[in-house]
S.K.: 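The structure follows.
The first residue in the sequence is number 1, and the count goes up from there. The structure presented is a predicted model; accordingly, all values stated were derived computationally and were not measured.
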Amino acid sequence: GPMLPYGKNLDNGGGSMRVRPYNLVSIDASRNKYGNTGFENTSMGVSCWSPKGDCATTWSTASVLDKRAVKISGKSLGVVALNCGAIDRSKQYILRFSAVAERETQIEVYLRQSTSPWSTISSSKKIYLNPNRTEYEVLFSFPSSVSAGHLIFQAFNENFSYWLDNVGL
């Protein structure tokens, strides 16, 4: 039968797949892969890139989150990278963060290799940020192993502006 992108066959029909919810047994905060969790003293370790060079990060001491946070803004697509060190494919990683946006903003979060060819090494999750503070949690199951990885927050809206805080992986 006709083939769709990624090897899907139109003749197979629709099917459903059940994904079981996970049970979080414990989190060891001392083993956080991202070292600047609450942005208490700086926004160092946060980089932002866009094709037009218009993505910016600003450290804020008066955010609507927990006072100190990093503000990310831009006029076109923006890719924010946070260094998270080595990633092991035999592990599962839970990303937790707080966010609030000036206006509704669609972002995608995923893990990526931090050196060329900057390959995506995990599944990705689309998230809609809004003007209300929200706590987010995303599970990355069994990513590819790399010695140096980045946690990516990628904005797709034009004129985006949002704050991140309490980042844990």
S.K.: In this structure, which one of Thr58, Thr57, Leu164, Val167 forms a side-chain contact (heavy atoms from CB on, under 4.5 Å) with Val46?
M.R.: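 In the set Thr58, Thr57, Leu164, Val167, the residue that makes a side-chain contact (heavy atoms from CB on, under 4.5 Å) with Val46 is Thr57.
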S.K.: If you take all heavy atoms of Pro131 and Arg103, which pair is closest and at what distance?
M.R.: CG-CA, 4.3 Å
S.K.: State, to 0.1 Å, how close Gly85 and Asn83 come at their nearest heavy-atom pair, and which atoms those are.
M.R.: N-OD1, 3.1 Å
S.K.: Within the structure provided, determine whether Arg96 and Asn166 are in side-chain contact (heavy-atom separation under 4.5 Å).
M.R.: no
S.K.: Rounded to the nearest 0.5 Å, how far does CD1 of Ile127 lie from CG of Leu95?
M.R.: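 Nearest 0.5 Å value for the CG-CD1 distance: 7.0 Å.
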S.K.: With heavy-atom distances below 4.5 Å as the criterion, would you say the side chains of Ile72 and Cys55 are in contact?
M.R.: yes
S.K.: Just jot down the ring-ring contact (aromatic ring centres under 6.0 Å, His included) partners of Phe140, sequence neighbours excluded, or say none.
M.R.: none
S.K.: Looking at residues at least two apart in the chain, or sitting in another chain, which of them share a side-chain hydrogen bond (donor to acceptor under 3.5 Å, both in side chains) with Thr134?
M.R.: none
S.K.: With rounding to the nearest 0.5 angstrom, report the CZ to CD distance, Phe142 to Gln92.
M.R.: 3.5 Å
S.K.: For residues 115-125, dump all side-chain donor-acceptor pairs below 3.5 Å to protein atoms at least two apart in sequence or in another chain.
M.R.:
from   : atom 1 : to     : atom 2 : distance (Å)
Ser119 : OG     : Gln113 : OE1    : 3.4
Ser122 : OG     : Leu111 : N      : 2.8
Ser124 : OG     : Glu108 : OE2    : 2.5

S.K.: Answer with yes or no whether the hydrophobic clustering places Ile87 together with Val79; edges join I, L, V, M, F, W, Y residues whose side-chain heavy atoms lie under 4.5 Å apart.
M.R.: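 Different clusters.
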S.K.: I want to check something: taking the side chain as every heavy atom from C-beta on, are Pro51 and Leu77 in contact at a cut-off of under 4.5 Å?
M.R.: yes
S.K.: Can you give the donor-acceptor pairs under 3.5 Å from side chains of residues 147-162 to other protein atoms, not counting sequence neighbours?
M.R.:
from   : atom 1 : to     : atom 2 : distance (Å)
Gln154 : OE1    : Tyr110 : OH     : 2.8
Asn157 : OD1    : Gln106 : N      : 2.6
Asn157 : ND2    : Glu104 : O      : 3.4
Ser161 : OG     : Glu102 : OE2    : 3.4

S.K.: Could you measure the distance from the CG atom of Leu129 to the CD1 atom of Ile107? Nearest 0.5 Å is fine.
M.R.: 4.0 Å
S.K.: Between Tyr93 and Asp88, is the side chain to side chain contact (heavy atoms under 4.5 Å, CB included) condition met? List the steps.
M.R.: CA-CA 9 Å; Tyr93 296 89; Asp88 182 343; 3.6 Å; yes
S.K.: Under the rule for salt bridge (Lys or Arg N to Asp or Glu O under 4.0 Å), what residues qualify as partners of Arg133, not counting sequence neighbours?
M.R.: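 Arg133: salt bridge (Lys or Arg N to Asp or Glu O under 4.0 Å) contacts with Asp66, Glu135.
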